[in-house]
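Everything on this sheet refers to the single structure shown next.
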There are 2 protein chains.
Amino acid sequence: MDALIEGFKQFIKKRGLKYTSEREEILREILSTKDHFDVDTLYLQLKSKNSKISKASIYRTIPLLIEGGYIQEVYKKGGQSYYEVTLNKRPHLHFICIKCSEVKEAYDPRLNELIDDLERASNYRFLTFHLEIFGLCPSCREGKVSHETQ
Amino acid sequence: MDALIEGFKQFIKKRGLKYTSEREEILREILSTKDHFDVDTLYLQLKSKNSKISKASIYRTIPLLIEGGYIQEVYKKGGQSYYEVTLNKRPHLHFICIKCSEVKEAYDPRLNELIDDLERASNYRFLTFHLEIFGLCPSCREGKVSHETQ
DNA sequence: TAGAAAGCTGAAAATGACTTGCAATTGAGA
DNA sequence: TCTCAATTGCAAGTCATTTTCAGCTTTCTA
Ligand SMILES: [Mn+2]
Ligand SMILES: [Mn+2]
Ligand SMILES: [Zn+2]
Ligand SMILES: [Zn+2]
């Protein structure tokens, strides 16, 4: 249906890999997710739709999706990696509340400028970056007790 | 000997904790380290000096040192956390080569300005941040075509 | 300064995210 | 349809970090 899905199929085939229903299903589920996601959440989402896909397959598919440019790892929290769909996303930073674990995105053109400048001024080749700011979100700084907690 | 060590002792006692030789030894070793370090390296360093301190104690002491402002977690690499002494360090970013794993620090006042601005413009309380840039270091980008993946 | 309660410590077991081995299954070209 | 390498689910394995627990210090008090 989607040009994106078709592109993924071509990407997979071009690499001499097999285009499986599992791989497509995983990509479709990810594309339907607007938020950041981790493997466990994705697994449960698929399971709730009666999918039989295993976590192992998700773990094996994620590197492919990253190499294909479909998703990116965007931050780590509580020992797990979180990802998001790359499409329609510009580089941005993540604020992580150390109390309630809420994550919020923020964009600032100065960040991209800064990173571009740093790359130009160096002999490095920059590929991606993570900017994670840790602190207290508005409600948690109010000394409220959070019920969501980790 | 050091005012820093004495300050740590006060910090520990003020919290109603016990000031043990292990805690002091760990702090001393960390202060003698100029570079970034991880738990394993620190453990082996201590061991090579005939210290009997266990990894468990290191893992238990690190949060205290962070809360006391003596060290900070500065990035994660290969599934491990890396730390550095906070003293005499300004906030900075880390460039991580995805090929050789080399890590290099970089400072840019614009980064701090940006972060300060973002905090002022929000209702968040910022405590720390990690800016990790992933890419290829000068020697690794020299097209030594690698088949070693990544 | 002895004695006891509260904290600590090392060693080992437990955790939890992620990876890997393997036998059965499936995709894709012939 | 046949063939076989790639892929999958499951279970076992890794590995950093956490936790359990019994013995050992630190502190406080009498
Ligand atoms: Mn994001
Ligand atoms: Mn640093
Ligand atoms: Zn919060
Ligand atoms: Zn390199």
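Bear in mind that the values here come from a model prediction, so they are computed numbers and not experimental data.
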- Residues two or more places apart in sequence or in another chain: which of them pass side-chain hydrogen bond (donor to acceptor under 3.5 Å, both in side chains) with Ser122(B)? none
What residues, two or more places apart in sequence or in another chain, satisfy ring pair (Phe, Tyr, Trp, His ring centres under 6.0 Å) together with [X]?
X	answer
Tyr59(A)	none
His130(A)	Phe134(B)
Tyr43(A)	none

- Looking at five pairs on each end of the helix from dT1(C)-dA30(D) to dA30(C)-dT1(D), what is the angle between the two axes, given to 10 degrees? 20°
- For Lys76(B) and Ile96(B) the tightest heavy-atom approach is O-CD1, 4.2 Å
Rounded distance (Å) that lies between atom [atom2] of [N] and atom [atom1] of [X]:
X	N	atom1	atom2	result
Ile26(B)	dC8(C)	CD1	P	13 Å
Ile58(A)	dC10(D)	CD1	C1'	14 Å
Glu25(A)	dT7(D)	CD	C1'	14 Å
Lys47(A)	dG9(D)	NZ	C1'	12 Å
Leu46(B)	dG10(C)	CG	P	10 Å
Lys77(A)	dG16(C)	NZ	P	17 Å
Lys52(A)	dT7(D)	NZ	C1'	17 Å
Leu42(A)	dA17(C)	CG	P	15 Å

How about [X] and [Y]: does a side-chain donor come under 3.5 Å of a side-chain acceptor?
X	Y	value
Glu132(A)	His94(A)	no
Glu73(B)	Tyr82(B)	no
Ser51(B)	Glu25(B)	yes
Gln72(B)	Tyr83(B)	no

I'd like a table of atom pairs between the protein and nucleotides 28-30 of chain C - only N or O on both sides, under 3.5 Å - with the distance next to each one.
from: dA28(C); atom 1: OP1; to: Lys13(A); atom 2: NZ; distance (Å): 2.8
from: dA28(C); atom 1: OP1; to: Tyr19(A); atom 2: N; distance (Å): 3.2

- Transitive ILVMFWY cluster of Tyr107(B), excluding itself - 4.5 Å side-chain cut-off: none
- Message: Suppose clustering is done on Ile, Leu, Val, Met, Phe, Trp and Tyr with side-chain heavy atoms closer than 4.5 Å. Which residues sit in the same group as Leu118(A)?
- Response: Leu93(A), Phe95(A), Leu111(A), Leu114(A), Ile115(A), Tyr124(A), Phe126(A), Phe129(A), Leu131(A), Ile133(A), Leu93(B), Phe95(B), Leu111(B), Leu114(B), Ile115(B), Leu118(B), Tyr124(B), Phe126(B), Phe129(B), Leu131(B), Ile133(B)
- Message: Pick the closest DNA chain D nucleotide for Ser54(A) and for Gly16(A) by heavy atoms, then say which residue is nearer the 5' end.
- Response: Gly16(A)
- Task: With DNA chain D as reference, determine whether Glu22(B) or Ile12(A) sits nearer its 5' end, using the nearest nucleotide of each.
- Result: Ile12(A)
Short heteroatom pairs, N/O only, protein and nucleotides 12-15 of chain D, under 3.5 Å:
none

- Any donor-acceptor pair under 3.5 Å linking the side chain of Arg141(B) with the backbone of Gly135(B)? no
Per-pair distances, 0.1 Å, donor-acceptor, side chain in residues 9-16 of chain B, under 3.5 Å, sequence neighbours excluded:
from: Gln10(B); atom 1: NE2; to: Glu6(B); atom 2: OE2; distance (Å): 2.7
from: Arg15(B); atom 1: NH1; to: Glu67(B); atom 2: OE1; distance (Å): 2.4
from: Arg15(B); atom 1: NH2; to: Glu67(B); atom 2: OE1; distance (Å): 3.0

- Item | Contact state string [nucleotides 16-24 of chain D, B base, S sugar-phosphate only, - no protein heavy atom under 4.0 Å] | SBBBB----
- Message: So, using salt bridge (charged side-chain N to carboxylate O under 4.0 Å, His left out) as the criterion, who are the partners of Arg120(A) when residues are at least two apart?
- Response: Asp117(A)
